[in-house]
Undergrad: 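The structure's right below; bear with me while I get my questions together.
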Amino acid sequence: MAKESVKLIANNKKAYHDYFIEDKYETGIALVGTEVKSLRMGKCSIKEAFIRIEHGEVFVYGMHISPYEKGNIFNKDPLRVRKLLMHRGEILKLDGKLKEKGLTLVPLQVYFKGSLVKVEIGLARGKKLYDKRADIAKKDQRRELEKDFKVKNLY
């Protein structure tokens, strides 16, 4: 079997800044035709999106898919609630974990895997302000080290 191509559509960098990602899951998403065409053009934002489990089904809220220009009457609301497709056992396991204090579900990436649109969701725990500051300090330190390393290698 040939390896399926993965083409990234949207990435949620803010999620990695605001949360500790404890576990990741790949899910499908129920879309209409014009939404898929819009995604092929890369018109998607998941910065403000969040995920809820209701009545044994998983839904993503706040995921913005821009209307397709040539879609006219077939276009749906860009911010409509969309259903994520997962196995029942996975959903029940996730629901049990979400009952723990401080855990939530956030979308991390939207991408094409072959011809299918997939959403990578993360089981996340919120970061405190001091955690965010520590992460920023680590990034700055790493950046400085890389800069020093480059300077040393030039001479």
Side-chain angles (χ1 to χ4, degrees), residues 1-100 102-128 131-132 134-143 146:
M1 187 166 125
K3 187 166 182 343
E4 294 177 344
S5 63
V6 175
K7 180 183 172 243
L8 187 67
I9 302 167
N11 196 3
N12 192 354
K13 291 180 183 174
K14 188 179 171 203
Y16 290 99
H17 182 261
D18 292 343
Y19 301 98
F20 293 112
I21 307 301
E22 296 187 0
D23 211 354
K24 294 179 182 178
Y25 299 90
E26 182 181 77
T27 67
I29 184 168
L31 298 171
V32 295
T34 54
E35 289 176 325
V36 176
K37 288 181 179 185
S38 189
L39 285 174
R40 289 212 181 275
M41 296 166 62
K43 306 256 175 106
C44 178
S45 172
I46 54 173
K47 279 188 176 66
E48 303 298 319
F50 61 96
I51 296 168
R52 282 199 184 132
I53 297 177
E54 297 169 355
H55 309 297
E57 296 182 325
V58 186
F59 295 96
V60 62
Y61 293 82
M63 179 177 169
H64 187 278
I65 298 177
S66 298
Y68 183 58
E69 289 113 40
K70 300 180 182 87
N72 57 45
I73 60 166
F74 298 108
N75 281 331
K76 299 283 187 205
D77 177 28
L79 284 172
R80 76 182 179 91
V81 178
R82 294 173 180 90
K83 184 176 176 182
L84 295 179
L85 309 172
M86 294 178 79
H87 292 284
R88 172 88 48 225
E90 282 182 314
I91 295 171
L92 293 173
K93 192 167 90 173
L94 267 179
D95 203 19
K97 287 183 179 179
L98 285 178
K99 301 253 188 296
E100 284 182 40
L103 287 177
T104 186
L105 284 172
V106 290
L108 302 174
Q109 290 182 337
V110 179
Y111 54 93
F112 279 105
K113 188 172 183 182
S115 63
L116 303 174
V117 179
K118 298 288 183 178
V119 180
E120 184 179 62
I121 64 175
L123 189 63
R125 189 177 304 278
K127 283 187 183 178
K128 303 279 189 265
D131 291 327
K132 293 179 189 179
D135 279 355
I136 291 169
K138 278 183 195 171
K139 280 183 190 171
D140 288 344
Q141 195 175 22
R142 192 179 317 119
R143 206 174 289 125
E146 286 173 0

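When reading the values below, keep in mind they use all heavy atoms of this one structure, side chains included, and skip hydrogens, waters and symmetry mates. Note that the structure is a prediction, hence the values are computed from the model and not measured. Residue indices begin at 1 and follow the sequence shown.
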Undergrad: Supply the atom-to-atom distance Lys14 NZ to Leu108 CG, rounded to the nearest 0.5 angstrom.
TA: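 It is 13.5 Å, given to the nearest 0.5 Å.
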Undergrad: Mind checking the CE-CD1 spacing from Met63 to Ile51? Nearest 0.5 Å is all I need.
TA: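 Nearest 0.5 Å value for the CE-CD1 distance: 9.5 Å.
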Undergrad: Passes side-chain contact (heavy atoms from CB on, under 4.5 Å), Leu94 versus Ile121? Steps please.
TA: CA-CA 11 Å; Leu94 267 179; Ile121 64 175; 4.2 Å; yes
Undergrad: If you compare all heavy atoms of Ile46 against all heavy atoms of Asn12, which two are closest, and at what distance to 0.1 Å?
TA: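 Answer, listing the atom of Ile46 first, then Asn12: O-ND2, 3.2 Å.
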Undergrad: Has Glu90 got more than 12 heavy atoms of other residues, nucleotides or ligands less than 6.0 Å from its CD?
TA: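 Yes, enclosed.
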Undergrad: Which heavy atom of Ser38 sits nearest a heavy atom of Ser66, and at what distance?
TA: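 So the two residues come closest at OG-O, 2.5 Å.
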Undergrad: Walk me through it: do Leu31 and Arg82 pass the test side-chain contact (heavy atoms from CB on, under 4.5 Å)?
TA: CA-CA 7 Å; Leu31 298 171; Arg82 294 173 180 90; 3.8 Å; yes
Undergrad: Do other residues, nucleotides or ligands put more than 12 heavy atoms under 6.0 Å from Gln141 CD?
TA: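 No, the 6.0 Å shell around CD holds no more than 12 heavy atoms from other groups.
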Undergrad: Considering residues at least two apart in sequence or located in another chain, which fulfil the ring-ring contact (aromatic ring centres under 6.0 Å, His included) criterion with Phe59?
TA: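 Partners of Phe59 by the ring-ring contact (aromatic ring centres under 6.0 Å, His included) criterion come out as none, since no residue qualifies.
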Undergrad: Roughly how far, to the nearest 0.5 Å, is CD of Glu57 from CZ of Arg88?
TA: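 So the CZ of Arg88 and the CD of Glu57 are separated by 7.0 Å.
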Undergrad: Hey, could you give me each pair passing salt bridge (Lys or Arg N to Asp or Glu O under 4.0 Å) that has a residue in residues 110-125? Not counting sequence neighbours.
TA: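 Every salt bridge (Lys or Arg N to Asp or Glu O under 4.0 Å) pair that includes a residue of residues 110-125, provided the two are not neighbours, is Glu22-Arg125, Glu26-Lys113, Glu100-Arg125.
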Undergrad: Looking at every non-hydrogen atom in both residues, tell me the closest pair between Gly122 and Ile21 and how far apart they are.
TA: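 Result for this residue pair: CA-CG2, 4.2 Å.
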Undergrad: Measure the spacing between NZ of Lys43 and CD1 of Ile9 and express it to the nearest 0.5 Å.
TA: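 Here the interatomic distance stands at 13.0 Å.
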Undergrad: Check Leu105, Val106, Thr104 against Leu123 for a side-chain contact (heavy atoms from CB on, under 4.5 Å) and give me the one that passes.
TA: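 Exactly one candidate clears the test, Leu105.
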Undergrad: Return the minimal non-hydrogen interatomic distance between Cys44 and Leu39, and the atom names on each side.
TA: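 Where Cys44 meets Leu39 most closely, the heavy atoms are CB-CD2, 3.4 Å.
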Undergrad: Can you confirm whether Lys47 is buried at NZ, in the sense that more than 12 heavy atoms of other residues, nucleotides or ligands lie under 6.0 Å from that atom?
TA: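 Incorrect, the count does not exceed 12.
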Undergrad: Under the side-chain contact (heavy atoms from CB on, under 4.5 Å) rule, what do Lys97 and Asp23 come out as? Steps first, then yes or no, please.
TA: CA-CA 11 Å; Lys97 287 183 179 179; Asp23 211 354; 3.5 Å; yes
Undergrad: Specify the closest pair of heavy atoms between Pro107 and Ala15, including all atoms of both residues, with the distance to one decimal.
TA: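 Taking every non-hydrogen atom into account, O-CB, 4.4 Å.
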Undergrad: Any side-chain heavy atom of Ile53 sitting closer than 4.5 Å to one from Val58?
TA: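 Yes, side chains in contact.
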Undergrad: What's the spacing between Arg80 CZ and Glu35 CD if we round to 0.5 Å?
TA: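 These two atoms lie 4.0 Å from each other.
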Undergrad: For Leu84 and Ile29: C-alpha separation, side-chain torsions, deciding distance, then whether side-chain contact (heavy atoms from CB on, under 4.5 Å) applies.
TA: CA-CA 4 Å; Leu84 295 179; Ile29 184 168; 3.9 Å; yes
Undergrad: If you measure from NZ on Lys93 to CE on Met86, what distance do you get to the nearest 0.5 Å?
TA: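 Those atoms lie 8.5 Å apart.
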Undergrad: Can you list everything that forms a ring-ring contact (aromatic ring centres under 6.0 Å, His included) with Tyr16? Sequence neighbours excluded, please.
TA: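 Per chain and number, Tyr16 pairs via ring-ring contact (aromatic ring centres under 6.0 Å, His included) with no residue.
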